[in-house]
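Reviewing the structure listed below.
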Amino acid sequence: MGRNSKIIPGVDQTLLVKDAALLLPDPARRRFLAGGASLGALTLLTGCDVVDSFSAEDTLKQISKFNDAVQARIFNPNKLAPTYSESMIKRPFPFNAYYTLDEAPDVKAAEYKLELSGMIANKKPWTLDELYKLPQEKQITRHICVEGWSAIGSWSGAKLGDFLKKIGADTSAKYVRFICAEGYTTSLDMPTCFHPQTQMSFKFDDQILPRAYGYPMKIRVPTRLGFKNPKYVVGMEVTNDYMGGYWEDYGYNDYSGL
Amino acid sequence: MSGMTASHDAAGAGGAIAQKAKVIQPAWVRVVHWINAVAMIMMIMSGWQIYNASPIFNFTFPTTITLGGWLGGALLWHFAAMWLLVFNGLVYVIAGFLTGRFRRKLLPISPSGVIDDTKAALAGKLSHDDLSTYNNVQKLLYVGVILAGVVVVMSGLSMWKPVQFQELTAVFGGYDSARVVHFCAMAAIVSFLVIHIVLAVLVPKSLRAMIIGR
């Protein structure tokens, strides 16, 4: 009887549809979410009781959380990602996003402000000119995408850990969450933020970061997969609450450490 | 077939003991074999889906034979099944050495033996009367697939943690070539599986031995 009922007590139907959509392949999933599907439509679409698939999905997500913990243990805060020579830089470096370059955020320098929130002593927003005055360094490291491809690039900018100290961030907090101009979000745990190669990048290949690579600021994290390296960053929040992220909510492993 | 009858004929008073001696695959081998079968199928099918997200060769796998539905789902399956594969594999390798099974069953392998047994197999003249002893071709394939299993796990680890385990990644020639090695080791395992399954179907009593032990 319970198997046939379309309404499950105590379950938010909107969330349920969103969760179930994760089981679908990528393009279908997007259309699915855009189409404002209902639970009834989902049942019609799959031709079976959606509830059945939830235990498997749930188990996989629990194991993914366990894998987050395992990876946090494996992470050595002092182990540097390998660096490469100038000649190994991939030119042109691939543009990669869930939208085309035309649709990428077009942030205007004059209007830009880095907004700070959460467990931070000095929440004064930072202009681009102020950010550019931070001590900068360059790294040539390998960017590895969750899809499997990789490309070596050169990024220059300020150490994120130094900046967090400068603004009086509570470094005992668990996460720093990044908010991007197009609404993309992701977060990093505090040990990763303080890794010596975790960088607020303002330049790619010695040029001001072009729009394709996240103008005006990208967080470059060579110890994490590409989707944990947010572009067009307009806000940072220091928090103890895990709030997911754009891809994390679709089911990508949160830690995604390299 | 003849094995069963023979043990019954020779049974008499010591029947139970004679039958016990005829166990071809001990229980621990059967358990790890079937857990491994499930884990490998999950790893291979989800691996194909992951491969499709950024193919390294000029083809993709049909989604009907992949697991996970999309990249994110496949990654969840792959990184869940890996625990089953690795822990079960460790039990198999450790027990294989400790019980002497590897030494007894898989050694020695001689090149001339492999050639002779290959010829006999192709001529359909290879004997299957005693399933408890492997011929040279079987030994070579089983040793080969165990080694391919070690390579697939090591190259997989080096792709998963190319910063933390960068020394291991370097052994495979860096991240990108570790992907190629991982793929080739998968291809070797799948090729083994095709031969393995075809032969199990051709010699059904070997399949029975892997299920009920004799």
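Just so you know, these numbers use all the heavy atoms, side chains as well, and skip hydrogens, waters and symmetry mates. Quick note on labels: first sequence line is chain A, next is B, and so on, each numbered from 1.
In this structure, chain B has no heavy atom under 4.5 Å from any part of A:Leu225. Of the atoms belonging to B:Leu76, heavy atoms from both backbone and side chain fall under 4.5 Å from chain A. For B:Phe165, the part sitting under 4.5 Å from any heavy atom of chain A is the side chain, from C-beta outward, and nothing else. Both the backbone and the side chain of B:Trp77 come within contact range of chain A, judged by heavy atoms closer than 4.5 Å. Both the backbone and the side chain of A:Phe75 come within contact range of chain B, each with at least one heavy atom under 4.5 Å from a heavy atom of that chain. When heavy atoms are compared at a cutoff of 4.5 Å, A:Asn76 approaches chain B by way of both its backbone and its side chain.
The backbone N or O of A:Val221 sits less than 3.5 Å from a side-chain atom of A:Asn229, completing a donor-acceptor pair.
Top candidate by heavy-atom pairs under 4.5 Å with chain A, chosen from B:Tyr175, B:Phe79, B:Trp160, is B:Tyr175. When each of B:Ala80, B:Ala81, B:Ala74 is scored by its heavy-atom pairs under 4.5 Å with chain A, the top score falls to B:Ala80. Among A:Thr141, A:Asn253, A:Leu80, the residue with the largest count of heavy-atom pairs under 4.5 Å with chain B is A:Leu80. Between chain B and the residues A:Cys145, A:Ala81, A:Pro82, the largest count of heavy-atom pairs under 4.5 Å involves A:Pro82.
Relative to the six-membered ring of B:Tyr134, B:Lys139 misses at least one condition, a distance below 6.0 Å or an angle of at most 45° to the axis. With a 6.0 Å cutoff to the six-membered ring centre and a 45° limit on the axis angle, B:Arg103 does not count as a cation-pi contact of B:Phe97.
A perpendicular orientation is assigned to the rings of A:Phe93 and A:Trp155, their planes being inclined by more than 60° (bins at 30° and 60°). Relative orientation of the B:Phe183 and B:Phe59 rings is perpendicular, given thresholds of 30° and 60° on the angle between their planes.
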In sequence, state the C-alpha distance, the side-chain angles, and the governing distance for A:Trp247 and A:Tyr250, and then conclude on ring-ring contact (aromatic ring centres under 6.0 Å, His included). CA-CA 5 Å; A:Trp247 283 115; A:Tyr250 281 118; 5.5 Å; yes
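A heavy-atom distance below 4.5 Å is found between the side chains of B:Asp176 and A:Ser150.
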